[in-house]
Amino acid sequence: MTTYAFPPHAIPTVPVEDQGGGSGVVFPVRRILCVGRNYAAHRREMGGDDRDPPFFFAKPADAIVPEPTKAPYPPATTDLHHEIELVVALKGGGANLTPQQALEAVFGYAVGVDLTRRDLQAQAKAKGQPWEAAKAFDASAPISAIRIMAAPPPGAAVTLSVNGVERQRGQVGDMIWNIAEVIAKASELWTLAAGDLIFTGTPEGVGAVVRGDTIVGEVEGVGRLEFTLV
Ligand code: MN
């Protein structure tokens, strides 16, 4: 019997939806991996070279804000950006997965926003410093319920609006690494497991938001989330 020095933290969870809606089941989050520059047009808007492959970074599990209606505007930034992303939720894992094994490890899909302190990211890039302060801050990962479903088709729209004005529009098929490749490549670097979430990257159109803005993110056939920055 383990004796904790103080009560252990609760495991972060995300509600699960089956075809009929809410299921009463929650998904326990283990890790959050994110893909950077997985859409060519976004890579260009961030000043990237067209030959640079996508790459991974991470957020802590407790960065998620499940089914938010509000999310806090974080400290230490004056340039908070939205990035709408398809999120893959895993029910299995392993290392060095084939694309087929990768798809078999999928539990379901969700819609997430990779909130980014762009000013801190620019400073980190300029100095060759790590990205945690820019990407892995508190409440930096608002996420919809996870839907148990097959992979969304390549034509599924990935969109985000701010105060009713569309800012981002892409489709799942625009990803440089597709869903199976994202999972397989992650499994070359980490042993994946049930409970892992992977944010798969954002299309072009990222931009700043301020307190009071209402953000609506949607992946067609997967879900929608709407929250206000407070
Ligand atoms: Mn992102």
Side-chain angles (χ1 to χ4, degrees), residues 14 29 31-49 52-65 68 71 73-74 77 79-90 109-125 129-144 146 152 156-162 166-179 181-183 185-186 189-190 196-209 213 215-219 222-223 225 227 229:
V14 181
V29 179
R31 292 179 178 171
I32 304 174
L33 294 173
C34 305
V35 184
R37 298 186 179 176
N38 199 23
Y39 287 75
H42 172 62
R43 180 171 59 186
R44 283 194 290 275
E45 78 178 346
M46 296 307 295
D49 187 301
D52 288 343
F55 58 90
F56 292 98
F57 59 93
K59 293 179 188 261
D62 67 358
I64 59 164
V65 188
Y73 190 94
T77 185
D79 196 21
L80 180 70
H81 275 210
H82 54 77
E83 298 189 356
I84 180 68
E85 313 208 357
L86 172 70
V87 181
V88 181
L90 299 185
Y109 296 88
V111 181
V113 177
D114 167 17
L115 289 174
T116 302
R117 292 195 277 216
R118 195 71 76 199
D119 40 5
L120 298 193
Q121 186 190 35
Q123 290 170 24
K125 285 180 180 175
Q129 292 173 344
W131 282 15
E132 277 80 358
K135 288 287 198 179
F137 54 90
D138 296 347
S140 57
I143 188 170
S144 73
I146 294 168
V158 180
T159 56
L160 182 140
S161 68
V162 179
E166 186 173 285
R167 294 266 191 98
Q168 293 189 263
R169 173 172 290 274
Q171 51 186 31
V172 169
D174 293 339
M175 294 197 295
I176 296 167
W177 287 345
N178 66 29
I179 293 167
E181 289 169 338
V182 162
I183 301 163
K185 287 187 177 292
L189 293 164
W190 298 275
D196 290 348
L197 296 175
I198 307 179
F199 282 61
T200 58
T202 196
E204 74 271 30
V206 301
V209 280
D213 282 348
I215 296 169
V216 176
E218 194 161 10
V219 178
V222 174
L225 80 169
F227 61 93
L229 290 168

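Indexing begins at 1, ligand by ligand and atom by atom, following the structure's order. Starting from 1, each residue takes its place in the sequence as its number.
- If you look at Asp114 and ask which of its N, O or S atoms sits nearest the Mn ion (ligand 1), the answer is OD2.
- Counting non-hydrogen atoms of other residues, nucleotides and ligands closer than 6.0 Å to CG of Asp138 gives a total of 12 or fewer.
- Between the side chain of Arg167 and the main chain of Ala208, a donor-acceptor pair closer than 3.5 Å is present.
- Glu85 has its closest N, O or S atom to the Mn ion (ligand 1) at the position named OE2.
- Judged by distance alone, the side chains of Thr202 and Gln168 do bring a donor and an acceptor atom under 3.5 Å apart.
- The Mn ion (ligand 1) is closest to atom OE1 of Glu83 (considering only N, O or S atoms).
- Checked against a 6.0 Å centroid threshold, the rings of Phe56 and Trp177 count as neighbours.
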